[in-house]
Number of protein chains: 2
Amino acid sequence: MGKGLETRERILAIAEASVLAKGFGATSIDEVIAEAGITKSGFFYHFRDKNELARAMLLRYVEANDQLFDEVFGRGRELADDPLQAFLIGLKLLAEVMADLPSGHPGCLIASVCYQERLFDREVRTIAANSVQGWNARFRATLDEIAAVHAPREPVDLDTVADMMSCIVDGGIIMAKLMDDPRRLERQVLAFRSFVKMLFAPSEAVRPARAATA
Amino acid sequence: MGKGLETRERILAIAEASVLAKGFGATSIDEVIAEAGITKSGFFYHFRDKNELARAMLLRYVEANDQLFDEVFGRGRELADDPLQAFLIGLKLLAEVMADLPSGHPGCLIASVCYQERLFDREVRTIAANSVQGWNARFRATLDEIAAVHAPREPVDLDTVADMMSCIVDGGIIMAKLMDDPRRLERQVLAFRSFVKMLFAPSEAVRPARAATA
DNA sequence: GCAAATACTGTACCTGCGGTACGGTTTTTG
DNA sequence: CAAAAACCGTACCGCAGGTACAGTATTTGC
């Protein structure tokens with residue numbers, strides 16, 4: 001764990017914040033190195049060019065998100081045996097994490113890349129696409145487990161529901177940033193949770209009274 | 001309708017495409033004027049600076065979207081008396097419009113602005129926020145009409161459901177662009193439609209058989 | 001049909017940034 | 001203590017945003 005990696009990490013964190021606030025094209029290397037307390041030469045020692053910076057940023061972002069998902073949905077599985085309940089708990093935890101971010105979610109790097117695709121080489125775009133595809137596959141697998149136990153109320157495509165998770169989060173982030181109200185993101189995640197609950201939970205019209213509320 | 005407005009419109013269309021593909025910061029005036037077939041002086045005759053260009057682009061985008069929503073949901077109201085059915089028809093039409101775009105949805109300018117906020121003055125950000133707030137208010141009003149007739153199955157906040165509409169579309173656009181598959185956006189809109197349907201439509205468990213499928 | 005807006009063109013210039021090149025220096029590490 | 005790693009300094013190129021301003025073509029109202 002040399003000092004080099006530490007500097008590299010600092011550069012990536014600063015660059016990520018800048019990209020999420022101004023976009024990749026408008027993120028100036030000069031500003032990044034000024035904030036990181038290094039020189040331009042130092043920067044180019046770590047990254048060959050801006051595209052390599054983008055690649056490293058994306059990989060860092062994806063890894064952090066993977067870890068977060070592992071954490072909340074793993075915890076869900078620890079707390080409930082039923083796959084539906086486990087997923088609902090995970091979503092609740094995820095919503096809480098989103099709400100607890102000090103100054104709101106800083107933004108989704110994937111979305112940022114998506115809205116500036118022409119700035120990146122194919123590799124960067126491939127990383128972005130594959131990452132989201134990975135998350136969708138993960139949720140799809142979870143939904144399969146759920147559907148094996150609870151029959152869905154509406155005939156919806158589970159791939160689409162899995163996609164919806166990512167869509168809601170990305171859309172919620174935009175909404176929260178736009179309105180300067182972090183709770184909007186939390187509410188969107190919880191709304192998606194309601195959707196899943198409604199889709200798979202036994203109808204309250206059939207079994208009223210004390211339905212599961214987890 | 002002078003020739004000036006025509007040139008102005010051409011500039012705006014070209015700039016919008018560029019901004020959605022590369023971001024505002026990376027959109028060069030030189031490229032825009034080259035494609036528009038005018039000179040730099042000509043550009044600055046129409047727009048004082050890049051920020052004024054951004055303002056005009058946003059207003060143009062918002063107006064076009066307003067028109068689209070008027071169209072599809074107005075048509076929905078023409079085809080059905082029940083507010084729920086009218087909304088569901090509107091959503092179906094919207095999904096069709098999204099799917100029929102020749103090379104997929106080009107992107108949401110609002111989202112683009114949101115991910116490059118630091119590049120714009122407060123006015124631009126205000127326009128973006130107000131526009132989305134306007135759309136949310138519109139959908140909220142529609143949901144109120146629906147809720148007055150059909151009791152929602154789950155106790156969800158209607159403001160959040162209204163927000164969800166914008167979130168799904170923005171998220172769906174990102175997903176579609178990322179995966180290079182326009183149908184993902186269509187499917188997300190239809191999934192939201194299923195959500196609304198499930199939320200307000202009478203339970204099929206209670207009234208099975210020939211439930212409305214519009 | 002003519003004057004006055006309108007809608008531009010052309011040229012020249014300043015600033016700042018992304019990026020390259022490369023030699024030198026400090027710091028860390030085996 | 002030597003070699004590798006992690007930087008610093010400087011000088012330079014080309015492009016882009018933006019300003020300034022004088023001149024010209026085109027449209028429009030009367």
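Sequence lines set the chain letters: A, B, ... in the order given, protein chains first and strands last, and positions in each chain run from 1.
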Fill in: Nearest-angstrom distance from the residue atom CG of B:Asp30 to P of C:dT9
14 Å
Worksheet, complete the sentence: Protein-proximity profile, nucleotides 18-25 of chain D, B/S/- by nucleotide at the 4.0 Å heavy-atom cutoff, equals BB------
Response to the item:
Note: contacts of residues 109-126 of chain B with DNA chain D (heavy atom, under 4.0 Å) are none
Fill in: Selection from C:dG18, C:dT9, D:dC7 that lies nearest to any side-chain heavy atom of A:Ser28
C:dG18
Item to complete: Using whole Å, report how far CZ of A:Arg10 lies from C1' of D:dC7.
Response: 12 Å
Practice prompt. Calculate the interatomic distance between B:Glu31 atom CD and D:dC15 atom P; express it in whole Å.
Written response: 12 Å
Fill in: A:His46, nearest nucleotide to its side chain (from D:dC7, C:dC8, D:dA16)
D:dC7
Discussion item. How many whole angstroms separate atom CD of B:Glu6 from atom C1' of D:dT26?
Written reply: 13 Å
Discussion item. Within a 6.0 Å radius of atom NZ on A:Lys50, are there more than 12 heavy atoms belonging to other residues, nucleotides or ligands?
Written reply: yes
Fill in: Side-chain ion pair, A:Glu78 and A:Arg75, N-O less than 4.0 Å
yes
Practice prompt. Ignoring backbone atoms, test whether B:Tyr45 places a side-chain nitrogen or oxygen under 4.0 Å from the OP1 or OP2 oxygen of C:dC8.
Written response: no
Worksheet item: Given atom CG of B:Leu5 and atom P of D:dT28, what is their separation to the nearest angstrom?
Response: 10 Å
Worksheet item: Can you find a pair of side-chain heavy atoms, one from A:Leu93 and one from A:Glu71, that are under 4.5 Å apart?
Response: no
Worksheet entry | Atom-to-atom span, CD1 of B:Ile38 to P of C:dT6 - whole angstrom | 18 Å
Worksheet item: What's the CD1-C1' distance between A:Ile33 and C:dG19, to the nearest Å?
Response: 12 Å
Discussion item. I want to verify a distance call: between C:dG18, C:dC8, C:dT9, whose nearest atom is closest to the B:Thr39 side chain?
Written reply: C:dT9
Worksheet entry | salt_bridge(B:Arg60, B:Glu63) N-O dist < 4.0 Å | no
Item to complete: Would you name the heavy atoms of B:Tyr61 and B:His105 that are closest together and state the gap between them?
Response: OH-CE1, 4.1 Å
Worksheet item: Are B:Asp159 and A:Arg184 close enough for a salt bridge, meaning some N to O gap below 4.0 Å?
Response: no
Worksheet item: Around B:Asp144, counting heavy atoms of other residues, nucleotides and ligands shown, do more than 12 lie under 6.0 Å from its CG?
Response: yes
Response to the item:
For B:Ile38 and B:Phe43 the tightest heavy-atom approach is CD1-N, 3.9 Å
Practice prompt. Using a strict cut-off of less than 4.0 Å between a Lys/Arg side-chain nitrogen and an Asp/Glu carboxylate oxygen, indicate whether B:Arg187 and A:Asp163 qualify as a salt bridge.
Written response: no
